[in-house]
*Asks:* 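This structure is in structure tokens; I'll ask about it shortly.
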Protein chains: 2
Amino acid sequence: MKFSTRAEYGLKAMINLAHTFPGQKSIKELSEEESISLKYLERLMGTLKKNGLVLSTKGQSGGYVLSKKPSQMTAGEVIEALDGPIAPMKCTSSNCAIAKSCNSSTIWTELEHQIKKTLYGYTLKKLTDKK
Amino acid sequence: MKFSTRAEYGLKAMINLAHTFPGQKSIKELSEEESISLKYLERLMGTLKKNGLVLSTKGQSGGYVLSKKPSQMTAGEVIEALDGPIAPMKCTSSNCAIAKSCNSSTIWTELEHQIKKTLYGYTLKKLTDKK
DNA sequence: TAATATCCTACCAAATAGGTATGTATTGAT
DNA sequence: ATCAATACATACCTATTTGGTAGGATATTA
């Protein structure tokens, strides 16, 4: 059971952007500061943008900004944007037909709830204050 | 973020064994009742045995039994036996050098704690009673 | 117009998941 | 003693995911 490094890298980059908020920062700066491959981070920022979590300006002196205040953006949003829906077991996401009579389903459902509660409980602001 | 079907299948099989406890049951029966490929389940039971969660008797009319009472065996044990250590991010398992100054590490650590709390909070007995 | 960004798409290697195939060893029943 | 049923072991296979790289197109500004 693991989250991908996508989620790790993305969260790090978003925390970095939370620090500089409401200023913007280029991928180049982000990748150097967080030691993430520039080309890979480029793709991650692309999907974060597609999901509306960051805004971008192109061209020279362009870069990325958070689309919301750090106090209003949660780690859960970032992670689901990059890794897809949080659903620890297929049966919790795909409406299993036998869920009602299945002994296992309760545990996966509760687990999903706990994970979401934790991840959506952390705003980027909370994470930047942590240090 | 997903657990493997290994964990799902294994947990189902163990819940089944909890129902028949302290009786034993063959892989053939288990695989038919839970609709899991016999050969695949064979392997899963093998690793469960290696981890001491089940006992087996070979030969005709052989099979598997839980090594502990259902009230003393948790879903967490089963899942970690099959899927490896519960550690949502590499940095929480491999003693990252910069963990203390890392803004992200707290969230992964808390998440790991919450997941373990949930999974080790469910005994097989609790799951069999659920229906 | 040159430099610096984002953006877009295709490719790639390694690992993992999920499963099959084949055979061996052990035991109970006939 | 033999046969059938079972656990046990290992090698193989295919598809998907992960974590990247490569090369360029597009937009903006100095």
Side-chain angles (χ1 to χ4, degrees), chain A residues 1-13 17 20 23-32 34-67 79 82-85 87-91 93, chain B residues 1-13 17 20 23-67 79 82-85 87-91:
Chain A
M1 202 298 286
K2 289 230 186 324
F3 285 88
S4 62
T5 61
R6 279 196 302 274
E8 188 190 6
Y9 293 168
L11 189 58
K12 277 185 177 174
L17 284 181
T20 72
Q24 63 170 15
K25 201 176 260 190
S26 71
I27 290 185
K28 198 183 173 197
E29 291 172 290
L30 283 174
S31 80
E32 281 167 2
E34 303 296 340
S35 308
I36 303 170
S37 143
L38 186 138
K39 279 307 207 175
Y40 196 39
L41 185 56
E42 235 177 28
R43 278 203 344 206
L44 300 184
M45 295 312 293
T47 81
L48 286 174
K49 179 172 187 196
K50 252 179 219 150
N51 288 83
L53 300 192
V54 290
L55 305 173
S56 62
T57 56
K58 292 176 85 172
Q60 190 168 339
S61 81
Y64 290 90
V65 209
L66 298 185
S67 64
I79 290 166
L82 291 168
D83 257 8
M89 188 53 68
K90 223 183 317 176
C91 62
S93 60
Chain B
M1 203 299 285
K2 291 232 185 324
F3 285 87
S4 63
T5 61
R6 278 195 303 274
E8 188 189 7
Y9 293 167
L11 189 59
K12 277 186 178 173
L17 285 181
T20 71
Q24 64 170 15
K25 201 175 263 190
S26 71
I27 290 185
K28 196 182 174 198
E29 291 172 290
L30 284 174
S31 81
E32 281 167 2
E33 291 171 17
E34 303 296 341
S35 307
I36 303 170
S37 144
L38 186 138
K39 280 307 203 174
Y40 196 39
L41 186 56
E42 237 178 26
R43 279 204 342 205
L44 299 184
M45 296 311 293
T47 80
L48 286 173
K49 179 171 187 197
K50 253 180 218 151
N51 288 84
L53 300 192
V54 290
L55 305 174
S56 62
T57 56
K58 293 176 87 172
Q60 190 167 338
S61 80
Y64 290 90
V65 209
L66 297 186
S67 64
I79 290 167
L82 291 168
D83 257 8
M89 188 52 70
K90 224 185 316 176
C91 63

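A, B, ... follow the sequence lines: proteins, then strands. Residue 1 opens every chain.
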*Asks:* For Q60(A) and K25(A), find the nucleotide of DNA chain C closest to each by heavy atoms; which residue's nucleotide sits nearer the 5' end?
*Replies:* Q60(A)
*Asks:* Quick one, L53(A) and L66(A) - any side-chain contact, counting heavy atoms below 4.5 Å?
*Replies:*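 The answer is no, as the side chains (C-beta and beyond) never meet within the 4.5 Å cut-off.
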*Asks:* Sub-3.5 Å donor-acceptor pair from the side chain of R6(A) to the main-chain atoms of L82(A), do we have one?
*Replies:* yes
*Asks:* Nearest nucleotide by nearest heavy atom, which residue falls closer to the 5' end of DNA chain D, F3(A) or I27(B)?
*Replies:* I27(B)
*Asks:* Report yes if some heavy atom in the side chain of S67(B) is under 4.5 Å from a heavy atom in the side chain of L55(B); otherwise report no.
*Replies:*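 A side-chain contact under 4.5 Å exists here.
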*Asks:* I'd like to know if the side chain of K25(A) pairs up with that of T20(A) as donor and acceptor (distance under 3.5 Å, no hydrogens or angles considered).
*Replies:* no
*Asks:* Are any non-hydrogen side-chain atoms of F3(A) and I79(A) less than 4.5 angstrom apart?
*Replies:*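 In short, these two side chains touch, coming nearer than 4.5 Å.
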*Asks:* Using a strict heavy-atom distance below 4.0 Å, which residues from residues 34-47 of chain B are in contact with DNA chain D?
*Replies:* K39(B), E42(B), R43(B)
*Asks:* Could you tell me the separation between the CG atom of L48(A) and the C1' atom of dT6(C), rounded to a whole number of Å?
*Replies:* 14 Å
*Asks:* dT26(C) P sits how many Å from K49(B) NZ, rounded?
*Replies:*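 Result: 12 Å.
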*Asks:* Is S4(B) near enough to dA17(C) that one of its side-chain N or O atoms lies under 4.0 angstrom from OP1 or OP2?
*Replies:* no
*Asks:* Does some side-chain heavy atom of M45(B) sit less than 4.5 Å from a side-chain heavy atom of L17(B)?
*Replies:*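 Side-chain contact under 4.5 Å: yes.
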*Asks:* What I'd like to find out is whether the side chain of L38(A) reaches to under 4.5 Å of the side chain of I27(A), using heavy atoms alone.
*Replies:*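 SC-SC contact between L38(A) and I27(A) confirmed.
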*Asks:* Between atom NZ in K2(B) and atom P in dT16(C), what is the gap in whole Å?
*Replies:* 18 Å
*Asks:* Could you tell me the boundaries of the chain A footprint on DNA chain D, defined by atoms under 4.0 Å from its heavy atoms?
*Replies:* dT18(D) to dA30(D)
*Asks:* Hey, which sits more toward the 5' end of DNA chain C by its nearest nucleotide, T57(B) or D83(B)?
*Replies:* D83(B)
*Asks:* Please report the interatomic distance OG(S31(B)) to CD1(I36(B)), rounded to the nearest 0.5 Å.
*Replies:*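 So the OG of S31(B) and the CD1 of I36(B) are separated by 8.0 Å.
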*Asks:* Give me the one residue out of E29(B), K28(B), E34(B) that meets side chain to side chain contact (heavy atoms under 4.5 Å, CB included) with E32(B).
*Replies:*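 Single pass found, and it is K28(B).
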*Asks:* Please state how far atom NZ in K58(A) lies from atom C1' in dA3(C), giving the value in whole angstrom units.
*Replies:* 15 Å
